[in-house]
4 protein chains.
Amino acid sequence: MPKQTFFNLPAEKRERITQVALDEFSNNSYHRSSINRIVENANISKGSFYQYFSNKKDLYRYLIDKAGEEKIKFLQKEIVDYDKLEFFPFLRKLFLAGIKFNQSSPYYDKLVDRIYRSESEQFKEEIIGESKYKSNDFLIGYVKKAREQGELKEELNPEMIAFLITELSVSIVDYYFKMKDPTEDLEGMMEIVDDMLEILKSGISEDNS
Amino acid sequence: MPKQTFFNLPAEKRERITQVALDEFSNNSYHRSSINRIVENANISKGSFYQYFSNKKDLYRYLIDKAGEEKIKFLQKEIVDYDKLEFFPFLRKLFLAGIKFNQSSPYYDKLVDRIYRSESEQFKEEIIGESKYKSNDFLIGYVKKAREQGELKEELNPEMIAFLITELSVSIVDYYFKMKDPTEDLEGMMEIVDDMLEILKSGISEDNS
Amino acid sequence: MPKQTFFNLPAEKRERITQVALDEFSNNSYHRSSINRIVENANISKGSFYQYFSNKKDLYRYLIDKAGEEKIKFLQKEIVDYDKLEFFPFLRKLFLAGIKFNQSSPYYDKLVDRIYRSESEQFKEEIIGESKYKSNDFLIGYVKKAREQGELKEELNPEMIAFLITELSVSIVDYYFKMKDPTEDLEGMMEIVDDMLEILKSGISEDNS
Amino acid sequence: MPKQTFFNLPAEKRERITQVALDEFSNNSYHRSSINRIVENANISKGSFYQYFSNKKDLYRYLIDKAGEEKIKFLQKEIVDYDKLEFFPFLRKLFLAGIKFNQSSPYYDKLVDRIYRSESEQFKEEIIGESKYKSNDFLIGYVKKAREQGELKEELNPEMIAFLITELSVSIVDYYFKMKDPTEDLEGMMEIVDDMLEILKSGISEDNS
DNA sequence: AATGAATGAGCCTTCATTCAT
DNA sequence: CATGAATGAAGGCTCATTCAT
């Protein structure tokens with residue numbers, strides 16, 4: 001956790017630092033990211049930095065946490081009444097909201113992707129282990145509920161389904177941005193999402209039999 | 001490509017270096033990996049290193065290439081007569097073979113995963129661009145053939161399917177080794193593979209309609 | 001340009017570093033000069049060095065610039081009313097002042113000689129290109145003026161004359177310090193200067209015809 | 001001196017090595033020149049190199065010596081009956097021959113220039129001190145003779161005149177190649193040479209008074 | 001006579017962190 | 001709260017030379 005001094009800062013300064021750090025960590029691996037560059041770009045002194053954060057890892061953890069927070073806040077705003085939706089319409093909303101979030105705050109997604117996919121297992125544990133935003137928990141609950149309500153095949157393992165969905169939601173974004181100009185609107189994206197959802201639906205829904 | 005001097009080395013030494021380097025690069029990002037550590041662990045002098053490889057990237061590229069080579073060699077040995085198999089049985093063999101390879105040479109998979117998932121697009125291109133082992137090409141061809149033979153839904157985009165399968169094949173290994181002791185035998189694994197395949201099959205095969 | 005941190009240093013330290021660097025670069029070619037030696041002799045840490053200068057070239061450029069600055073400052077102090085002098089008396093003053101400068105700050109002259117005479121044309125351009133102390137411009141102007149006032153033969157190319165004078169002014173110093181003990185006073189020197197000037201005068205002045 | 005083994009080599013190989021080394025040393029300062037590059041470009045093994053030359057300096061000295069030898073050989077071929085010429089016609093021939101030599105063997109001139117102008121005095125002494133081709137000796141003798149024959153002003157110091165001429169002969173080449181395309185023929189050059197000679201003549205010849 | 005693997009010192013540069021003010 | 005000078009370890013890489021074969 002950043003030190004209290006950081007939170008005492010005027011909002012403008014605090015956000016400037018956050019933004020610059022986000023930029024650095026989302027474009028470089030943890031070890032390659034440079035405090036030197038951060039303080040320079042944020043226009044603060046080295047000494048100040050160490051008065052806000054106890055060390056590099058402290059800042060990093062803060063950003064990772066904030067990324068989770070922001071994403072959840074965003075998703076909750078996008079998917080109102082999500083507990084009244086059926087599973088697949090919900091999933092569709094979830095995917096689209098995920099893509100929208102990525103478009104509006106690409107740094108956060110990059111940051112999180114980076115740690116999930118590229119840092120060593122040990123390092124990941126060290127950083128995320130203490131965070132409360134372990135993304136999957138929420139989804140597993142939702143899958144379980146859907147299965148209980150007969151929307152999903154009984155024989156499938158909910159953990160596995162949740163895992164599969166998470167992977168697909170990341171993959172779909174990768175796939176999309178590998179092919180398209182990210183500033184484009186969402187039409188092309190929806191097509192892919194719908195294809196992917198159709199496959200998933202045929203694959204895991206009960207009605208399918 | 002490593003210099004000729006590297007290939008002139010006694011096999012034992014050459015393999016020792018390869019092994020140590022593999023260990024280093026599969027456990028650290030490219031930039032974080034250290035030549036210093038490699039030469040120390042491999043018990044060679046820094047000067048020698050640069051007589052074998054022209055630079056860090058040279059060694060890295062060599063390993064990435066070798067990983068592709070080894071994996072293909074392994075898969076070809078595992079999946080004989082693969083062109084006589086139907087699509088889903090083939091896929092099953094492919095997944096299992098992939099897992100087996102990971103078990104026998106976990107470093108190579110980690111290495112390749114790392115670059116595919118975590119290094120910057122530009123860096124990836126720089127390293128893999130010149131390699132002949134671009135994994136997806138082979139799979140896309142195979143998917144197209146399956147679709148022509150009526151095994152897959154016509155409306156689905158082969159590139160997307162291939163992409164999906166590749167992602168799943170990686171995910172499945174992640175999932176498995178996150179849950180199980182990797183030295184265990186394959187029984188538990190097969191269950192998961194079969195679940196996943198069942199989903200895929202329901203999702204993309206033609207007979208399903 | 002050195003970083004601000006360098007100029008914030010206590011004068012003693014700043015001058016110590018400058019002096020040590022000057023010593024290093026004036027006795028070795030650019031590439032042969034060693035930052036390691038500089039920091040060691042100046043008794044600063046390597047890390048500090050890079051807080052003062054962005055890199056080796058930065059320091060080097062600073063010295064070259066400073067050499068130009070110092071020389072011009074010195075010459076202006078020595079040759080007051082230089083625009084009221086006739087050409088050859090002026091030249092005599094210039095030569096003598098040059099020698100005096102060399103005696104009082106031999107490092108600067110050595111430094112500048114070194115780059116003018118020995119580094120590759122491309123490197124020279126890279127370093128001096130951006131400097132405002134391109135020595136010849138001033139002299140060419142002065143030669144042109146002298147020619148217009150009928151002091152020099154009309155048929156001679158001013159650029160060539162300026163070039164010739166510059167070369168001679170360097171040569172004369174070389175010659176002198178090759179023969180004499182540099183701590184001696186200037187008497188012997190004046191003889192040589194006068195001989196050289198006499199030759200030049202006979203060679204290029206108009207009254208000569 | 002190179003070891004006997006070097007001279008036992010087939011001429012082709014010996015010349016190849018010489019050429020490559022010349023290329024390296026004339027384009028880089030002594031310390032920057034690389035044995036590694038030389039053996040690579042000359043296609044010989046590291047071990048062989050050290051069987052031909054006892055070390056880097058040995059090779060370097062050999063080249064410097066050879067440069068002197070070649071230049072003298074060339075000049076002697078160009079300026080036949082030079083002892084029957086008067087001083088200024090001789091000087092003109094000398095300058096032109098110098099330029100021609102530079103055009104035909106630019107590497108040698110670059111090599112010699114480099115050591116004369118850029119290496120430290122101590123290093124120069126170490127290399128050239130032992131050489132028999134100290135260029136000036138020959139010229140001083142010639143100047144003395146000219147003075148005795150009344151061609152030059154009595155009051156001028158022959159050493160100084162010889163020094164001056166040497167400097168000019170180098171400067172003139174610098175000046176020319178800074179302005180012109182070196183592949184051009186000699187017409188433009190002759191003009192400059194003649195201007196320069198005219199200055200010199202007015203400056204130092206006796207008839208001038 | 002020829003080879004080429006081995007070596008360690010040295011190169012310039014970047015880094016996260018400390019601490020006195 | 002803010003500052004920024006100081007630091008030494010570590011980074012990748014090049015070098016001339018030796019020596020066993």
Side-chain angles (χ1 to χ4, degrees), chain A residues 3-6 8-10 13 31-40 44-59, chain B residues 3-6 8-10 13 30-40 43-59, chain C residues 3-6 8-10 13 31-40 43-59, chain D residues 3-6 8-10 13 30-40 44-59:
Chain A
K3 303 182 184 170
Q4 186 53 42
T5 51
F6 179 64
N8 293 343
L9 247 32
K13 189 168 187 178
H31 288 102
R32 263 240 136 179
S33 297
S34 157
I35 301 279
N36 279 11
R37 271 194 304 260
I38 289 173
V39 301
E40 188 174 336
I44 60 172
S45 72
K46 266 293 191 41
S48 291
F49 179 89
Y50 281 90
Q51 248 165 349
Y52 307 147
F53 304 95
S54 38
N55 53 34
K56 191 181 182 181
K57 220 171 259 171
D58 187 23
L59 164 59
Chain B
K3 302 185 185 167
Q4 186 53 43
T5 52
F6 179 65
N8 294 343
L9 248 33
K13 189 169 190 176
Y30 174 77
H31 290 290
R32 174 77 165 152
S33 297
S34 155
I35 301 274
N36 277 8
R37 260 188 320 252
I38 291 173
V39 301
E40 189 173 335
N43 244 306
I44 60 174
S45 74
K46 230 191 257 196
S48 289
F49 178 89
Y50 282 92
Q51 266 187 320
Y52 307 148
F53 304 96
S54 35
N55 51 39
K56 192 181 183 181
K57 222 172 255 171
D58 188 23
L59 164 59
Chain C
K3 302 185 186 168
Q4 186 54 42
T5 53
F6 179 65
N8 295 343
L9 248 33
K13 188 169 189 177
H31 290 291
R32 173 79 166 154
S33 298
S34 155
I35 301 273
N36 276 9
R37 264 191 313 255
I38 291 173
V39 300
E40 189 173 337
N43 243 306
I44 60 174
S45 75
K46 232 191 258 196
S48 288
F49 178 90
Y50 282 92
Q51 266 188 320
Y52 307 147
F53 304 95
S54 36
N55 51 38
K56 190 181 183 181
K57 222 170 254 171
D58 187 24
L59 164 59
Chain D
K3 302 183 183 169
Q4 186 54 42
T5 51
F6 179 64
N8 294 343
L9 249 31
K13 189 169 187 177
Y30 173 77
H31 288 102
R32 261 241 139 178
S33 296
S34 156
I35 300 281
N36 279 10
R37 273 195 301 261
I38 290 173
V39 301
E40 188 174 336
I44 61 173
S45 73
K46 264 298 190 35
S48 290
F49 179 89
Y50 281 90
Q51 249 165 346
Y52 306 148
F53 305 96
S54 37
N55 52 35
K56 192 181 182 181
K57 220 171 258 171
D58 187 23
L59 164 59

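Per chain, numbering begins at 1; letters A, B, ... match sequence-line order.
Regarding contacts with the backbone of E:dC11, a side-chain N or O of C:Ser34 is found under 4.0 angstrom from either OP1 or OP2. Checking the phosphate oxygens (OP1, OP2) of E:dG4, no side-chain nitrogen or oxygen of D:Ser45 falls inside 4.0 Å. In this model, the phosphate group of F:dG4 is not approached by any side-chain N or O of C:Asn8 to a distance below 4.0 Å at OP1 or OP2.
The residue among C:Leu9 and A:Lys13 whose nearest nucleotide of DNA chain F lies closer to the 5′ end is A:Lys13. Nearest-nucleotide positions on DNA chain E for C:Arg37 and B:Ser48 put B:Ser48 closer to the 5' end.
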* Between A:Leu59 and A:Tyr52, is a side chain to side chain contact (heavy atoms under 4.5 Å, CB included) present by the stated rule, with each step listed? -> CA-CA 9 Å; A:Leu59 164 59; A:Tyr52 307 147; over 6 Å; no

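There is no side-chain donor-acceptor pair under 3.5 Å between D:Asn36 and D:Glu40.
Across all strands shown, the partner of E:dT21 is F:dA2, judged by Watson-Crick or G-U wobble contacts whose two distances both fall under 3.5 Å.
When atom types are taken as modelled, the side chain of A:Lys46 and the backbone of A:Ile35 share no donor-acceptor pair closer than 3.5 angstrom. Side chain of A:Lys56 to backbone of A:Ser33: a donor-acceptor contact under 3.5 angstrom is found.
Counting any heavy atom pair closer than 4.0 Å across all strands shown, A:Tyr52 reaches sugar-phosphate atoms only and no base atom. No contact: A:Lys3 has no heavy atom under 4.0 Å from any strand.
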Below 3.5 Å is the cut-off: list the nitrogen or oxygen pairs between protein and nucleotides 17-21 of chain F, distance only.
from: F:dT17; atom 1: OP2; to: D:Tyr50; atom 2: OH; distance (Å): 2.9
from: F:dT17; atom 1: OP2; to: D:Lys56; atom 2: N; distance (Å): 2.9
from: F:dT17; atom 1: O5'; to: D:Tyr50; atom 2: OH; distance (Å): 3.4
from: F:dT17; atom 1: O4; to: D:Lys46; atom 2: NZ; distance (Å): 2.9

